[in-house]
Every structure is written in C-alpha cells, then in structure tokens.
Amino acid sequence: MQPLIRELTDDDRDANHRLGAEAFGYAPDRQPAALPPTGGAVLGSCVGDRLVAKIRAQDYLTHVPGGHVVPTLGVASVAVQAESRGTGLLSPLFHAGFERARQQRQPISTLFPTAPGIYRRFGYEVVGGLEQRLLTVADLAKVRAPEDASLRRATADDLDAVRELYAAWAADKFGPLTRTGPAQPIWSTDYLAGTATVTLAVDRDGQVVGCVRWTRGTGYDPTSSAIEVEDFIARTEDAARALWRLLASFGSVSGRVEVELPGTDEALTLLPVGPPPPSKELPYMLALLDIPAALSARRGVPGLSARLPFRVTGGFAEDVDGSYLLRAENDELRCSSAVSGDGPIFHARGLAALYGGAQRCAGLRSIGLLNGPDDHDPVWDALFNVPTHIRDYF
C-alpha cells in the first residue's frame, strides 16, 4: 500500500508520541504533545491507520549579516518506524516539507541531524554546530576586572532590554534565530522563570550591554558541581569580563562552568587560555530551497561590485537546479534566474556550505562540490565569509 502523506492532527497525538519515543527514547513520564505544534506542523507518512514516519516543520526567522532576517524551515523530530527504515519514506516527507516552505516563502531550511549522511541527499550540508564547552572556574577567575560594567539581577521589566540586546548582538551574524514568532516564544516571562537566573551587565549610563542565563546546579563540591550557562551575550568587552567574573565567583562551591558557545565567539577570546574543545557538539545543517531569495537576503561587501553567473546541480528541492546571475553592488546582493550560466557549477550542498560560511571555494573544489571557472572564487569567498553561529536547539 502506498503511504499517504498528510499533516497530523490532534487525533494523531498518541501515535506521534509513540513513534517519537521509539526514535528518541522519551522519558516514561513525558506526556504526548498537542498537535499541530505552535508555529508549525507535523507531517506524517501513514499506511492505513499506522503512522510509519514523520517530520516536524517549524517556522523560524534566522539572522543574516546586515541586520536582515530570513524566513526558515526548521526540521526536527524526524522519525521512521524501525521495520520501515531504508524503504524511502523520508523523500516524500521532505518533498511535502519543502512544498510547505515554498508556500510559507522560506528560502532556507535548517536541522540538527543525528546522522548527517541521511540528509545530504535532500541538499543539506553541515555548516556549524551547537557546541558545549567545559570551562574551569580557576581560568575564569583570571579574567581582568571590567572598567565600565556592573551587574544586577534581571526582572520582568528588563525583558525588552534583553530582547534588544540579543537583536543587536545577532545583527551581524549568520545563524542565530530571532527568538520571535509563534514557534519560538523565548522572550516572555518564562525566560526568567524556573531554576535559571538571569544576570545583566550594565554600563555607567545604565544601558544593558550583557546578559547571562545560568543555573546553579546541585551540590557544593568544587570537584564535581558545575554551573550551567544557557545564554551568554555580551556587546562590549567589559560586559563579557563582568559576566565571566560573575561565574568565577562560584569557585569555592563549583569548579566548572558548562557553557554553550562556538569556538569563534568573541567572549572566549578574553579567557587566559584558548577555548577548550567542545565537550559536546550537535552538528547543524543548512539547505537552500530558493536560490534567488536566499542569496538576495544577504549583505554585500562595501566597495565590491561584480556580476557572477553560476549554475546549481544536485538539488532536491523543486527548482533549485538551474542557471542564475548574482549581482553584487556594494552592500546589496541581487540574485535572479538566468537562461544560461557560464560561470562555476555549484553542487547544491556546496552552495549551502559556502552560504553558511563553513567552506571556501577552494575547499569545495577539493571535494567535488564546485567545478568550472575559478576566476571569481575570491569574490564568492568575500561575499560569504561569516561563519554560522548557533545558540538555540530545536
């Protein structure tokens, strides 16, 4: 029997939960989630009355350099019944998910894979990761004291200031979600609720210039207890110094700090030692679903003007393969379809890797994801040289 692809409803709540528990090992006391999820949909593959595969499609907004945001299809909770794995059930589900993204005008898609190889056939490539690092309080205590930053506990009245701080911090980066919209309602009183504490760094004018959201953890043994940091945002050097020293103040009862920061984060450069390798890393993948819209959303390079014809092959999403023309005029990029392309030939995964700042053209050529003329490779590298910066898991 041919599987039926449909959007799951709340009548499918228990079946959705059972398949998720089989794939991800839910805790026994976890309750089935209501369907559809807020700000998204769960697409299922059904044989008769049996749910045999599913993906969750979430509607996000992703920051890109220049203060722009790009509507994004976030894919999560991909699961296939054990007996049906390897039978091709995911392809029609991703076709349906990408069609939904087209209707939602989402030109890019992202996901956290358990096995990246599964998703490369759908046009995804690894562009970064959510990295957890284990820092010692002894190293944090060596951070020089700030000259223009003091600390205070955040209250509900500070949520707007924290939201503005995050938006300003993310404006020149590629990858952070906006944390706004129905699928990701982070900026609410929940940000200050529970066991987590939010501490602000403020400058001498009273402006919020930094924020750390931390959890004390259990125990008071410096050899085993750890402070868990969920958010570390600093707009100034002094803000970062003040926040690092706050975490160091727990040295008598906790010897470690677990923080989610990529190795390229500016705040890590203030530590007296180089950032340790990640103790845990979740790879992050990107696919381009609408080439003209995705490239036109990016910022150009001031003083750089170029006309770049190119082609894309190997795509999975509809209409990705084809010829294009990218025009760079100072800080503006404009991409459009073209009748023919005489320039380089990008594999869809290669263009995604370049777009996400994970590879340069030379690297793509070395692994067969870019072929053809190379005279404009330095221009492509200059346009997409911002590494992916991930803060939120979904």
Side-chain angles (χ1 to χ4, degrees), residues 1-60 71-125 181-184 282-290 314-321 348-349 393-394:
M1 181 182 296
Q2 189 72 15
L4 171 68
I5 306 300
R6 63 176 176 85
E7 184 173 332
L8 302 188
T9 70
D10 211 39
D11 291 339
D12 304 299
R13 181 190 297 201
D14 290 339
N16 178 62
H17 184 80
R18 284 194 299 271
L19 184 55
E22 177 180 314
F24 306 111
Y26 294 160
D29 58 350
R30 177 166 172 167
Q31 297 300 307
L35 294 176
T38 302
V42 175
L43 304 176
S45 177
C46 302
V47 177
D49 59 356
R50 291 187 300 112
L51 177 66
V52 294
K54 64 163 186 160
I55 66 172
R56 190 174 83 232
Q58 293 288 152
D59 303 327
Y60 294 123
T72 302
L73 164 65
V75 174
S77 301
V78 179
V80 179
Q81 181 179 273
E83 295 83 357
S84 301
R85 291 171 189 160
T87 62
L89 291 176
L90 287 183
S91 290
L93 280 173
F94 272 87
H95 272 302
F98 289 173
E99 172 58 23
R100 183 182 182 277
R102 188 188 65 78
Q103 296 172 3
Q104 299 286 330
R105 297 187 177 181
Q106 297 164 333
I108 67 174
S109 177
T110 57
L111 58 80
F112 288 97
T114 53
I118 294 174
Y119 302 98
R120 288 193 166 107
R121 66 180 183 271
F122 305 128
Y124 290 90
E125 190 48 73
Q184 203 184 23
L282 299 173
Y284 190 67
M285 301 187 83
L286 167 73
L288 305 184
L289 310 182
D290 182 331
F316 180 84
E318 185 177 355
D319 296 332
V320 163
D321 288 0
R349 287 169 41 219
Y393 181 77
F394 57 82

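Treat the numbers as computed from the prediction; the structure is a model and nothing was measured.
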Straight-line distance of [X] [atom1] to [Y] [atom2], nearest 0.5 Å:
X	Y	atom1	atom2	result
E318	D290	CD	CG	11.0 Å
L289	D319	CG	CG	11.5 Å
L90	S84	CG	OG	10.5 Å

Under the rule for side chain to side chain contact (heavy atoms under 4.5 Å, CB included), what residues qualify as partners of [X], not counting sequence neighbours?
X	answer
A53	S45, V80, L89, L93
A76	R56, F394
D12	R6, L8, T9, L35

Quick one: side-chain hydrogen bond (donor to acceptor under 3.5 Å, both in side chains) pairs with a partner in residues 19-39, sequence neighbours left out? none
Pair listing, side-chain hydrogen bond (donor to acceptor under 3.5 Å, both in side chains) test, anchored in residues 108-123, at least two apart: S109-Y124, T110-Y284, R120-E125
For the student: nearest non-hydrogen atoms of [X] and [Y], plus distance:
X	Y	answer
A23	A79	CB-CB, 3.6 Å
I5	A96	CG2-CB, 3.8 Å
Q58	A183	NE2-CB, 3.4 Å
A57	L73	CB-CD1, 3.5 Å

Residue pairs, two or more places apart or on separate chains, that pass salt bridge (Lys or Arg N to Asp or Glu O under 4.0 Å) and touch residues 96-111: D59-R100, E99-R102
Applying salt bridge (Lys or Arg N to Asp or Glu O under 4.0 Å), which residue pairs with at least one partner in residues 33-44 are found, sequence neighbours left out? none
The side-chain hydrogen bond (donor to acceptor under 3.5 Å, both in side chains) partner of R13 among N16, D10, D11 is D10
Name all residues meeting the ring-ring contact (aromatic ring centres under 6.0 Å, His included) criterion together with F122; count only those two or more places apart in sequence or in a different chain, and write none if there are none. F94, F316
For a 4.5 angstrom cut-off between non-hydrogen side-chain atoms, does [X] reach [Y]?
X	Y	answer
Q106	T72	no
M285	P116	yes
Q184	Y60	yes

Sequence neighbours excluded, the answer for side chain to side chain donor-acceptor pair (under 3.5 Å) partners of D321 is none
Applying salt bridge (Lys or Arg N to Asp or Glu O under 4.0 Å), name anything that partners R18, two or more places apart in sequence or on another chain. none
Full working for side chain to side chain contact (heavy atoms under 4.5 Å, CB included) between L288 and V320: CA-CA 8 Å; L288 305 184; V320 163; 6.0 Å; no
